[in-house]
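So you know, we letter chains A, B, ... as the sequences are listed, proteins then strands, and number each from 1. Side chains included, hydrogens not; waters and symmetry mates left out as well; all remaining heavy atoms used.
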2 protein chains.
Amino acid sequence: MLSVAYSAEAKHLNAARLAPQPERLEELFCAVPRESFEAGEGVFWEGDQADHVFKVSEGVLRVFKIIADGRRVITGFLYAGDLVGLSLKDRYLYSAEAVTPVRLRRLARKPFAEALEKWPDLRPQFFARVCDEMATAQDQMVLLSRKSAEERVATFLMLLARRLHGCHPIGRRIHLPMSRLDMADYLGLTIETVSRTITKLVARGVISPEGRHDFAICKPGKLLALCGDGDSYEDTIDREPKMRQAIWPH
Amino acid sequence: MLSVAYSAEAKHLNAARLAPQPERLEELFCAVPRESFEAGEGVFWEGDQADHVFKVSEGVLRVFKIIADGRRVITGFLYAGDLVGLSLKDRYLYSAEAVTPVRLRRLARKPFAEALEKWPDLRPQFFARVCDEMATAQDQMVLLSRKSAEERVATFLMLLARRLHGCHPIGRRIHLPMSRLDMADYLGLTIETVSRTITKLVARGVISPEGRHDFAICKPGKLLALCGDGDSYEDTIDREPKMRQAIWPH
DNA sequence: AGTCTCTGTTACACACCGTCACACGATTTA
DNA sequence: TAAATCGTGTGACGGTGTGTAACAGAGACT
């Protein structure tokens with residue numbers, strides 16, 4: 001199963017460990033075939049032996065934990081380009097399911113780890129990924145700990161807007177591929193509260209619906225203000241596209 | 001400033017980069033003198049140039065973020081042995097202050113990073129640290145997202161009990177060095193709710209106060225049940241002391 | 001001792017959000 | 001076509017936790 005579907009990356013025909021030095025972490029995944037998952041299908045489960053690292057190439061994934069009474073907490077949504085399973089425990093810390101139809105590439109830990117050992121240039125990139133994940137987790141803690149329902153929803157919309165901003169430099173449109181329940185479990189709210197809050201934002205003209213899962217941002221400034229991030233040093237202007245190169249290890 | 005105050009570690013008299021290969025990550029910090037901070041004093045601030053990595057050797061630190069209206073979110077408490085500032089951004093993601101009088105060792109990023117490059121055996125340990133931090137953050141998200149006030153406080157008490165458990169294998173006593181406000185900002189509650197909830201736990205005989213900042217756990221089983229972690233695969237029995245060695249990179 | 005300050009506790013009214021219930025539209029099934 | 005199912009929106013209602021208090025205790029200081 002060493003054949004590669006994606007011909008543009010055909011220069012890496014061999015298994016990752018035999019390939020020439022990759023410049024980018026993502027290239028490690030080019031050597032393995034893509035797998036497909038239907039919407040709702042599980043990729044791995046919390047507590048499973050954590051044998052693989054994944055790279056999403058299409059679609060959206062949700063990662064979540066379940067606690068007593070079946071309460072679910074979605075700790076993140078993962079989009080194309082994101083890596084999953086980097087947390088270096090022997091077992092997965094969370095479960096992962098496809099929100100939309102998903103295509104991803106799976107790499108066993110061993111070759112992944114060996115690649116990191118072998119090519120030091122990859123390590124800063126890897127650190128940067130883990131670091132971003134940590135930063136995101138911290139922001140989420142802030143959201144869950146101290147933000148109101150409205151601030152949570154606004155923050156979520158801004159998050160998605162920024163994410164799409166990467167693809168569509170213009171365009172104030174957001175697409176919400178996940179259900180209201182997913183949003184609720186991500187934001188620490190209920191579906192009803194999410195629904196009502198969105199309705200309220202629409203009523204105020206901050207956003208405007210274009211179907212159930214698409215919205216236009218009519219007042220970006222207002223939406224940003226509603227996030228409640230009136231925060232220390234973070235500037236209001238869009239930061240430059242995320243540096244994927246870690247600052248250190250030098 | 002190469003002299004070392006702590007004579008028991010005098011074998012590492014030189015700067016970390018010149019020292020013999022350390023077996024443990026912590027040893028990197030032996031070469032630098034300890035600094036002292038009074039209770040309430042700041043160590044570094046969110047947004048500061050992240051030039052240093054710290055190891056707490058005595059006392060307790062709180063790390064936190066501030067958002068609009070001065071709302072504060074404490075993302076963690078750090079005890080002796082914990083490392084701070086590992087997140088690999090160019091700027092600190094959070095601020096750090098001393099809860100109690102604190103002594104810590106500070107290492108510039110450069111020698112720290114160089115040590116990681118030079119001695120591959122240290123990398124798994126470093127990964128393990130970051131990974132633990134990630135796992136803790138996830139648990140905290142669960143707590144903040146879906147747990148009731150009582151479950152939050154119970155979880156917090158169990159956390160501290162387990163932490164002290166490392167030092168005192170027996171003894172069902174917990175010491176809360178931080179104020180109720182700190183607890184509240186960590187648990188996403190208000191001081192009043194924290195206070196009320198503790199009172200309730202005392203009234204039910206689950207814990208019993210021994211001064212404002214010390215409690216005895218009278219019914220450990222009950223307290224554990226109140227945590228709401230009735231969770232999938234996590235066993236009820238105490239896990240073996242945390243592995244500090246990462247499973248991989250092998 | 002007496003006073004001041006700081007932290008923690010308790011009380012009560014209120015707000016936000018969760019719970020429960022049902023309606024609506026879209027899609028699937030009989 | 002009718003019925004069922006699912007995701008979603010909206011309303012009424014109530015509970016958990018909040019906010020504003022006042023109060024109690026423990027130290028620190030004169």
- [ ] Please check if atom CD in Glu38(B) has more than 12 non-hydrogen atoms from other residues, nucleotides or ligands closer than 6.0 Å.
- [x] no
Open item on the list: Using a heavy-atom cut-off of 4.0 Å across all strands, would you classify Gly211(B) as base, sugar-phosphate, or nothing?
Closed with: nothing
Task: Nucleotide of dG8(C), dA11(C), dG18(C) approaching Arg180(B) most closely (side-chain heavy atoms) - done: dG8(C)
Task: Any side-chain heavy-atom pair of Gln140(A) and Thr75(A) under 4.5 Å - done: no
- [ ] Consider the side chain of Thr193(A), meaning its heavy atoms from C-beta on, and name the nucleotide among dC17(C), dT9(C), dG8(C) that approaches it most closely.
- [x] dC17(C)
- [ ] Would you kindly check whether a donor in the side chain of Glu192(A) faces an acceptor in the base of dC17(C), or vice versa, at under 3.5 angstrom?
- [x] no
TODO: Please determine if Arg72(B) forms a cation-pi arrangement with Phe64(B), meaning its NZ or CZ atom is less than 6.0 Å from the six-membered ring centre and no more than 45° off the ring axis.
DONE: yes
Task: Expected output: side-chain Lys65(B) to main-chain Gln138(A) donor-acceptor under 3.5 Å - done: no
Task: Nearest-Å distance for atom pair CG/C1', residues Asp214(B) and dT7(C) - done: 15 Å
- [ ] Whole angstrom is fine here: how far is it from CG in Leu189(B) over to P in dC16(C)?
- [x] 18 Å
- [ ] Would you indicate which nucleotide in dT9(C), dC17(C), dT19(C) comes nearest to any side-chain atom of Arg196(A)?
- [x] dT19(C)
Task: Arg105(A) to Phe29(A), cation-pi by 6.0 Å centre distance and 45° axis angle - done: no
Task: Distance-only side-chain donor-acceptor flag, Ser36(B) / Arg103(B), under 3.5 Å - done: yes
Task: 5' to 3' contact window, DNA chain D with chain B (heavy-atom distance under 4.0 Å) - done: dG17(D) to dG25(D)
Task: Toward the 5' end of DNA chain D, by each residue's nearest nucleotide, Lys147(B) or Ser195(A) - done: Ser195(A)
- [ ] Take the protein atom CE of Met178(B) and the nucleotide atom P of dT7(C), then report the distance between them rounded to whole Å.
- [x] 15 Å
- [ ] For this output row, return yes or no: ring centroids of Phe54(A) and Phe44(A) closer than 6.0 angstrom.
- [x] yes
TODO: Could you tell me the separation between the CG atom of Asp182(B) and the P atom of dT7(C), rounded to a whole number of Å?
DONE: 10 Å
- [ ] Under 4.0 Å between any heavy atoms, over every strand shown, what does Ile198(B) touch: base, sugar-phosphate, or nothing? Just pick one.
- [x] nothing
- [ ] Take the protein atom CZ of Arg152(A) and the nucleotide atom C1' of dG18(C), then report the distance between them rounded to whole Å.
- [x] 13 Å
Open item on the list: Expressed as a whole number of angstroms, how long is the span from Arg212(B):CZ to dC6(C):C1'?
Closed with: 10 Å
TODO: Look at all strands and tell whether Ile191(B) reaches a base, only sugar-phosphate, or nothing, counting heavy atoms closer than 4.0 Å.
DONE: nothing
